[in-house]
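Residue numbers begin at 1 in each chain, while the letters A, B, ... track the order of the sequences.
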Amino acid sequence: MPIRVYNSLTQKKETLKPLKKGKVGMYVCGITAYDVCHLGHARAAVNFDVIYRYLRQNGLDVTYVRNYTDIDDKIIKRSQETKMPWQELTQRYIAEYQEDMLLLNVLTPTLEPKATDHIPQMVEGIQKLIEKKKAYEANGSIYYSVRAFKDYGKLSHKNIEELEAGSRVEIDETKKDPLDFALWKAAKPGEPTWDSPWGPGRPGWHIECSAMSTHYLGMPFDIHGGGRDLIFPHHENEIAQAEGTGSKKFCGYFLHNGHVNINAEKMSKSLKNFKTIKEVAAEHTPEVVRFFLLSVHYGSPLDYTEKNMQDAKAACDRIYLLEQRLETIPPAKKAGPPQPKGELEKALAKSLKDLDKKFKTAMDDDFNTAAALGAIFETVRLYNKYLDARGGETTPFAQWARERWEAQRECYHQALGILGLKSSDYFAQWKKAGAQTKKIEVAWVEKKIKEREEARRQKDFKKGDVIRGELSGCGVELKDRPDGTTEWHFR
RNA sequence: GGCGCGGUACCCAAAUGGGAAGGGAGCAGUCUGCAAAACUGCGAUGAGCCGGUUCGAUUCCGGCCCGCGCCUCCA
């Protein structure tokens, strides 16, 4: 089954055809390392992580490059404000980002190049553009001559005349045309600089990505990704830079993820309406954060609200609660044949069988994680239904079904990066998070539960219920098991 | 103003030219000492509005309204 992707370049869903059989080159714009990252950055990282994972699961040899921008205006500004050398600043936030990625179970890309390690490649690229009359020098800076590139606007589907008409670009006298953008910025006092044929200076923002992507992946390469907000001007300019030097195509498929909104507005640093990855993960657990990010198609906007996070938790709980039930079924010594008997077993066996197909169909269709999760829940319901009816006894079918489910779950885990925890670990994450946000000691809860158990043993149900009420008021939910023990979790 | 994306039940959210998955919330029930969880049942005769194409449209086309994003740094 072919994988189809929505290509921003053509604005259509297309079959993904790798340039080299069995291999995919993918470049995704990473972060500018000058501050901590928020949920919006997490979304981009997680979405492309899923794409990376899924392509690999389909046997493709993916070279995944995700860069770090470690020199730009914001970095310089922040460095001056904080009196921290820019190298130290960027190193610090790259490290923070890597912690965030680890937290969210994002795989490390094949390569994570930094802009400042590729100045020669950028200089070389700029030189070529000058040779091709696509760029010019002005006061030690080099600008791209946008009008010299006839395909300018083909990604963002803008045309130059209209851009100019509605231009909000501030007039810069050194540029020949307001639309032109800097490839190389002449040194200013106190700023980090590199030598170049045009004197000391530093690269513009866009050149690093076309330089690094083509350096590592060649030209053309298969997939270029990033947030929607990068379509213009960043990716548009990358195309101009890469394709301006010749007739070769830059990249076949541009994939863009939607933004994370908060109160129906884009989450962003400048609006100060962001939640950092660490904040959200501490409050809602990394697993649920990731689940939340995958509960919607990657191209659509996603609203961060307390309600939506709770819904995501409830949904995610549902899967881990099933897991908890299944853990009581002893694993089979040998993987016997299913031999389903009765309607429920047959229905479950069929559902398990169909699920792989449904999952694949959903994922093949532009990585539709929302639909894939939907399919999983259909099976979860049938599984619970079967378990309710089964009684406690261990049958070969129950063991077969468990093994089958675990194997499938592992496959979905590989692709999505969620649903891979032991249920006890998942709920332990919640106890930790709940204890923090609700300011309740886990030990205190457990002491209360012991008191209640004692009361119940003495048939003092009234006292037991009082304790439960007390705990419930603190957001602690109890679940009495048949064996007399009590499981608990934060609501 | 230009370009792009979207408007599906109380909320979130998929698919689809033949009449709408899934999750949450709600109500009723089964189970449980009581709960919780789970399960069962109920819930859009209609998909922003209006036209058109079609035997048939939520799905295609056109218009309108509304929201969001980009056009300046941005995942």
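Once the 5.5 Å centre distance and the 30° plane angle are applied, the aromatic ring of Phe461(A) is found stacked with the base of G33(B).
For Asp480(A), counting side-chain heavy atoms from C-beta on, the closest listed nucleotide (A35(B), G4(B), A38(B)) is A35(B). Closest contact between the side chain of Phe377(A) and the listed nucleotides A75(B), A15(B), G23(B) involves G23(B).
Within the nucleic acid shown, Lys307(A) comes within 4.0 Å of at least one base atom, counting heavy atoms only. Residue Gly374(A) is in base contact, counting any heavy-atom pair closer than 4.0 Å across all strands shown. Val260(A) comes within 4.0 angstrom of a nucleotide base, judged by non-hydrogen atoms across all strands. Counting any heavy atom pair closer than 4.0 Å across all strands shown, His234(A) reaches no nucleic acid atom. Counting non-hydrogen atoms under 4.0 angstrom, Leu321(A) reaches the backbone sugars and phosphates but no base. Across all strands, Tyr6(A) comes closer than 4.0 Å only to sugar-phosphate atoms, never to a base (heavy-atom distances). Base contact: Asp388(A) has a heavy atom under 4.0 Å from a base atom. Nucleic acid contact for Arg318(A): sugar-phosphate only, since backbone atoms but no base atoms lie under 4.0 Å from a heavy atom of the residue.
Lys114(A) forms no cation-pi arrangement with Tyr68(A), by the criterion of a distance under 6.0 Å to the ring centre and an angle within 45° of the ring axis. At least one test fails for Lys12(A) against the ring of Tyr6(A): distance under 6.0 Å to the centre or angle within 45° of the axis.
The phosphate of A75(B) (OP1 or OP2) has no side-chain N or O of Arg66(A) nearer than 4.0 angstrom. Proximity of Arg381(A) to the phosphate of G22(B): a side-chain N or O atom is located under 4.0 Å from OP1 or OP2.
The CD1-P distance, from Ile262(A) to G69(B), rounds to 13 Å in whole Å. The distance from atom NE2 of His259(A) to atom P of G6(B) is 15 Å, rounded to the nearest whole Å.
Among Phe359(A), Trp405(A), Phe291(A), the one residue that satisfies the ring pair (Phe, Tyr, Trp, His ring centres under 6.0 Å) test with Tyr412(A) is Phe359(A).
Taking for each of His41(A) and Val380(A) the nucleotide of RNA chain B with the nearest heavy atom, the 5'-most of the two is the partner of Val380(A).
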